[in-house]
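As structure tokens, the structure follows; a few thoughts come after it.
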Amino acid sequence: NITINNDGFYSTISTMLEAERDGLQRYSVIISEMEDELTITNNTFEFYVEVLEGRQKVLLLSDDPHPDIASFKQAIQTNDNYELEVKLSKNFKGQLDEYNLLILNQLNTSTHPYAKQAAEQSVPVLFLLGAGSSFQIVNNSQLGLSISGNSKQLSDVQGVVNQNFSFFTINKELKPLLNQLPPLNAPFGKYNLATSADVLLNQKIGAVETENPLLYFSKNADHKFGVLLGEGIWRWRLVNYSIEGNHNLIDEVIQKTVQYLSLKENKKRFRVDYNNQFNENESIVMNAQLYNQAYEKLNTAEVNIEISDEN
């Protein structure tokens, strides 16, 4: 119940709406009529909410337990939009195409079949590479990356933000924090990265900033993936907490990586953008784009539109 106690009464009330299905939903807010009320035309207000598909399902597979797995788990589970499942690869019996993202800890003979299946089914993958990964398998997995050297030998590296990275925004406080974090253990060797890759973090060895990637993203046809070339994220989270009193900066990198990779791309060839509501005297404007099968924009097609009521 709301008590109105003056002529200029104003109040904000929060409520939780249950989303029974996805898509565009219409809601009405109605205030009961009062005795001797002059007009009731403003007692009803309608609004629209775009309900997106349910929580994204993330699968994390690993050969063996690893402290980095716990760090990724804790970072991801702070966001209610993700449903995370952690399994040893030998115990996983499910279907990869039921997940929006696969996080694969190490790439070797045991985990490579899952990487191959994910690529075939266009399931995005975040690869966590380290001492348990095989250079030969990495080089043959179409990751846009080749490494020559001893896959068992590791190098201590820190991260340096690539200022040209634009897939998502990074907190400006991350750059100074990276200088205070302990090094990750990255595969030691000579790196060759495809120019199509987009690098978020490069490797810094000692005082030398290199062109070797630490965290990058790329795509093969419809298969989107990211690669983290280093172990020890768990130490980053601990030091982040000791400095800031929270894990926010490192968790944000993990969460935005997961968000970018798991986000479904709009593959509709005909797209229409418009407002959900119009005022009585407002011009109705709709913008449309049409694409061919190669997703090249077309501007020669004739488009017809038919508007009807909800009945």
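Residues: numbered from 1 along the sequence shown.
- The only member of S133, S62, S89 that meets side chain to side chain donor-acceptor pair (under 3.5 Å) when paired with N105 is S62.
- Closest of all the heavy-atom pairs between L261 and G226 is CD2-N, 3.8 Å.
- In this structure, the side chains of T109 and I137 come closer than 4.5 Å at one or more pairs of heavy atoms.
- N202 places none of its side-chain heavy atoms less than 4.5 Å from the side chain of N212.
- For P124 against N100, the heavy-atom pair with the smallest separation is CD-O, 3.3 Å.
- For L88, the CG atom is densely surrounded, since the number of other residues' heavy atoms within 6.0 Å is greater than 12.
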Q.
Set out, in order, the CA-CA distance, both residues' side-chain angles and the distance that settles side chain to side chain contact (heavy atoms under 4.5 Å, CB included) for S110 and K90, then state yes or no.
A. CA-CA 8 Å; S110 298; K90 63 182 179 181; over 6 Å; no
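- Rounding to the nearest 0.5 Å gives a distance of 6.0 Å between CG of L107 and NE2 of H112.
- Within 6.0 Å of OH on Y27 lie more than 12 heavy atoms contributed by other residues, nucleotides or ligands.
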Q | Audit row: R235, N240, side chain to side chain donor-acceptor pair (under 3.5 Å) steps and yes/no | A | CA-CA 8 Å; R235 289 192 291 267; N240 184 184; over 6 Å; no
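- Under the 4.5 Å side-chain heavy-atom criterion for Ile, Leu, Val, Met, Phe, Trp and Tyr, F270 and I305 are members of the same hydrophobic cluster.
- Cluster annotation: L84 is not connected to L59 through the hydrophobic network of ILVMFWY side chains, with a link wherever side-chain heavy atoms come within less than 4.5 Å.
- Under the 3.5 Å distance criterion, the side-chain polar atoms of N139 are matched with a main-chain donor or acceptor of F135.
- For the side chain to side chain donor-acceptor pair (under 3.5 Å) with Y99, the lone residue among Q56, Q121, E85, K57 that qualifies is E85.
- Of the inter-residue distances, the one linking N248 atom CG with E173 atom CD reads 11.5 Å to the nearest 0.5 angstrom.
- Residue V86 is grouped with residue V258 when hydrophobic side chains (ILVMFWY) are merged at heavy-atom distances under 4.5 angstrom, including chains of intermediate members.
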Q: In sequence, state the C-alpha distance, the side-chain angles, and the governing distance for F45 and I30, and then conclude on side chain to side chain contact (heavy atoms under 4.5 Å, CB included).
A: CA-CA 7 Å; F45 179 77; I30 302 173; over 6 Å; no
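- For D68 (side chain) and G232 (main-chain N/O), a donor-acceptor pair under 3.5 Å exists by modelled atom type.
- In terms of heavy-atom proximity, L102 sits nearest to A118 at CD2-CB, 4.1 Å.
- Between N192 and L145, every side-chain heavy-atom pair lies at or beyond the 4.5 Å cut-off.
- Counting only heavy atoms from C-beta outward, the side chains of L184 and I233 approach each other to under 4.5 Å.
- Minimum heavy-atom separation, L214 to G159: CD2-CA, 3.7 Å.
- Looking at heavy atoms from C-beta onward, I243 lies in side-chain contact with L177 at the 4.5 angstrom threshold.
- With rounding to the nearest 0.5 Å, the separation of CG in N179 from CD in Q158 is 6.5 Å.
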Q | Worked verdict on F168 versus L200 for side chain to side chain contact (heavy atoms under 4.5 Å, CB included) | A | CA-CA 9 Å; F168 49 82; L200 171 56; 4.0 Å; yes
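- Taking hydrophobic clusters as Ile, Leu, Val, Met, Phe, Trp and Tyr residues chained together by side-chain heavy-atom distances below 4.5 Å, V303 shares a cluster with M286.
- Here the CH2 atom belonging to W234 is positioned 8.5 Å from the OG atom belonging to S71, to the nearest 0.5 angstrom.
- Between the side chain of N140 and the backbone N or O of Q136, at least one donor-acceptor pair lies under 3.5 Å.
- Separating the CG atom in L174 from the CG atom in L181 is a distance of 8.0 Å, to the nearest 0.5 Å.
- Within 6.0 Å of the CD atom in E211, the count of heavy atoms belonging to other residues, nucleotides or ligands does not exceed 12.
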Q | Pair L126-L104, side chain to side chain contact (heavy atoms under 4.5 Å, CB included): steps then yes or no | A | CA-CA 6 Å; L126 174 60; L104 206 55; over 6 Å; no
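- When atom types are taken as modelled, the side chain of N108 and the backbone of S134 share no donor-acceptor pair closer than 3.5 angstrom.
- Under the 3.5 Å distance criterion, the side-chain polar atoms of N220 are left unmatched by any main-chain donor or acceptor of H223.
- Under 3.5 Å, the side chains of E37 and N43 contain a donor-acceptor pair of N or O atoms.
- Between Y216 and F165, every side-chain heavy-atom pair lies at or beyond the 4.5 Å cut-off.
- Shown here for N6 and F9, the closest heavy-atom pair between the two residues is OD1-N, 2.8 Å.
- Panel note: side chain E252, backbone I170; no donor-acceptor pair is recorded below 3.5 Å.
- Inspection of the K224 and S218 side chains reveals no N or O donor paired with an N or O acceptor under 3.5 Å.
- Rounded to the nearest 0.5 angstrom, I250 CD1 and R237 CZ are separated by 9.0 Å.
- L193 has its side chain within reach of V199: a pair of non-hydrogen atoms, C-beta onward, lies under 4.5 Å apart.
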(Q) Is there a side chain to side chain donor-acceptor pair (under 3.5 Å) between Y191 and Q203? Walk through the geometry before answering. (A) CA-CA 11 Å; Y191 288 68; Q203 296 182 16; 3.3 Å; yes
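- Using modelled atom types, no side-chain atom of D251 and backbone atom of I76 make a donor-acceptor pair closer than 3.5 Å.
- Two different hydrophobic clusters hold F72 and F127 under the rule that ILVMFWY side chains link at heavy-atom gaps under 4.5 Å.
- Taking 4.5 Å as the limit, every side-chain heavy atom of T257 sits out of range of all side-chain heavy atoms of L228.
- One N or O on the side chain of Q255 and one on the backbone of A75 form a donor-acceptor pair closer than 3.5 Å.
- Here the shortest heavy-atom pairing between A131 and E231 reads N-OE2, 2.5 Å.
- Within a 6.0 Å radius of CZ in F167, other residues, nucleotides and ligands contribute more than 12 heavy atoms.
- Side chain of T111 to backbone of Q106: a donor-acceptor contact under 3.5 angstrom is found.
- The aromatic ring centroids of Y260 and F217 lie less than 6.0 Å from each other.
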